[in-house]
Amino acid sequence: MKDALREELREEIRLFHEQTQQFINKQISVKDFKGFSGGFGSYAQRGAQTFMLRLRMNQGVVTKDKLKFLCDTSEQHGITKLHFTTCQTIQMHDLSGTEIPYIMSDALDHDIVCRGGGGDFPRNVMCSPLSGVDPDEYFDVRPYAECVGDYLLSIVNKFTLPRKLKVAFSSSDKNETHANFRDLGFCANADHTFDVYCAGGLGNNPRMGVKVGHHVQPDTILFYVSAMVLMFMEHGDYVNRAKARTRYLQDTLGVDGLLQDYQDKVEKALRGENLMVHIEEPVLKKTGDKTLSDRRVIAQKQQGLYAVYYHPLGGCLAPQKLRQIYETIKDMEDVELRITPQQGVYIINCTADEAKAVLAITEDGARNRFEESVSCIGASICQVGLRDSQGTLREAIMYFREKDYPADVLPRIFISGCTSSCGTNQIGAIGFQGTVKVIDKKPYPAFQVSLYGNDHAKDTRFGDIVGAVLADDLCLFLQAIADHVSAHGESYEAWIAHNADEMEAILKKYIK
């Protein structure tokens, strides 16, 4: 980050400090404060007595310096709860509010920015978490994602967007960042180019992105970003916030009109400001000479190096765990953390012996794929949440830990507390979204259920909504699935592929 930008962002924190103090003194309404504070990555939590702060972790990368800052800051301010988000950021929770400006300012010294972490701004630029080390990737897209992140940060307070703008890079067909249905997404190709998608997104009326660039040269990516910003500003809805997301441009302009307008803006950009980028992809020289095999260990493309996966339940963890990780890796060469869009974290560039040490201190996390399920922060904290998604997920995990099912009878599930889809429920093999079900004129807490979602690049689809399950029946619904799958002696993925009739019988029993 350039020093001038750092100081510019630091100066803005003074305004946040003033507004926060007025809110604490009840001189500003919850609604008005939310409209202001979101642009600084902070929101009042449910009840408006405590606050959260979202720290952008560019491309999900947490260096040792950033990790130490998180540990030191949590200890200094008595922070007890951290949360990995599905946009590869870290949230601090249960803050009093008065300490937030100081955390924001100190974070800038470690290249951690909170500005634009919420509100109507470009959000954290996402990137495949194993980019640069994944044996299956087309090429390392992280330097390009970093370049776009720097560009968007340089204009984060220069333009007024209708709503947030989410940008993502994917290095392989795993498509963990959902690049083909973000506001703007860059999907790597084998020939070292990108396919570009825009105007996609989850939430109400989800849309797949429109392919607006085919085999785009990497040095031109900023022209495509500039064009997206300009198109959103020109055609986005500044009046109706419910319609002020890029995916609604597919309705406003039509798919063909959107494609033409976007490509026209790219051509205009190419003739204007020089936004060409010149990037040398980094080469990791570290190697190892031992082998290691474990469910949570992935062999990197670098000889003898490994990534260890750690998934705290629901993406929530105590700062003491980060301190333990930091103390373990602080002297390990080139080792760093990569937050995933599924609320886990990879500790990468470990030798076999280093990976064993990391495995030993992360045994408290998820034990299987189901326990690696994804949940938004939920209604116990979020102002707009309908259901306590975090509590629901934890209850389900503890419920099944008491059972004796094989590890793969349930898939990773995705839970959102409301229609905002922060838990990305619409792409899950099984997804749950908080709702209310009225039965005999009486409202009951419930979750809308979707099935068959898939975020893989070769077979991307949103899940089919099949109805709602009462919150009290959710564990029983999952248990019925687990019973059928285990009776066949196979995984959920194998079972669902050819037992739609059995699933239909389960739905008839539990779906209201």
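In this chain, residues are counted from 1 in sequence order.
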Q.
Checking side-chain polar atoms at under 3.5 Å, does E176 have a donor or acceptor matched by the opposite partner on H456?
A.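 No, no side-chain donor-acceptor contact under 3.5 Å.
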
Q) Just by distance, with hydrogens left out, do E372 and Y309 show a side-chain donor and acceptor under 3.5 Å apart? A)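 Not at all, the side chains of E372 and Y309 share no donor-acceptor pair under 3.5 Å.
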
Q | Which atom of F139 lies closest to which atom of A188, heavy atoms considered | A |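 Where F139 meets A188 most closely, the heavy atoms are CE2-CB, 3.5 Å.
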
Do NZ/NE/NH1/NH2 and the carboxylate oxygens of [X] and [Y] come within less than 4.0 Å?
X	Y	answer
E137	K174	no
K321	D364	yes
E75	R323	yes
E493	R369	no

Q | Reference residue L337; test side chain to side chain contact (heavy atoms under 4.5 Å, CB included); the match among I348, L67, L70, T63 | A |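 Output: one option passes, namely L67.
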
Identify every side-chain donor-acceptor pair in residues 101-109 under 3.5 Å, counting partners at least two apart or on other chains, and give the distances.
{"from": "S105", "atom 1": "OG", "to": "R10", "atom 2": "NH1", "distance (Å)": "3.0"}
{"from": "D109", "atom 1": "OD1", "to": "R10", "atom 2": "NH2", "distance (Å)": "2.9"}

(Q) Can you confirm whether or not the ring centre of F194 sits under 6.0 Å from the ring centre of Y224? (A)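 No: the rings miss the under 6.0 Å criterion.
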
Q.
Which residues pass the side chain to side chain donor-acceptor pair (under 3.5 Å) test with Q91, not counting sequence neighbours?
A.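 Side chain to side chain donor-acceptor pair (under 3.5 Å) check on Q91 returns R54, H93.
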
Q | side chain to side chain donor-acceptor pair (under 3.5 Å) partners for T287, two or more places apart | A |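 Per chain and number, T287 pairs via side chain to side chain donor-acceptor pair (under 3.5 Å) with no residue.
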
Q.
Suppose we screen for salt bridge (Lys or Arg N to Asp or Glu O under 4.0 Å). Which residues come up paired with D140, at least two apart in sequence or across chains?
A.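 For D140, no residue satisfies salt bridge (Lys or Arg N to Asp or Glu O under 4.0 Å) once neighbours in sequence are set aside.
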
Q: Name all residues meeting the salt bridge (Lys or Arg N to Asp or Glu O under 4.0 Å) criterion together with R387; count only those two or more places apart in sequence or in a different chain, and write none if there are none.
A: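 Per chain and number, R387 pairs via salt bridge (Lys or Arg N to Asp or Glu O under 4.0 Å) with no residue.
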
Q: Please identify each residue that fulfils side chain to side chain contact (heavy atoms under 4.5 Å, CB included) with A482, with sequence neighbours left out.
A: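 Partners of A482 by the side chain to side chain contact (heavy atoms under 4.5 Å, CB included) criterion, ordered by chain and then number, come out as F400, Y405, V409, L410.
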
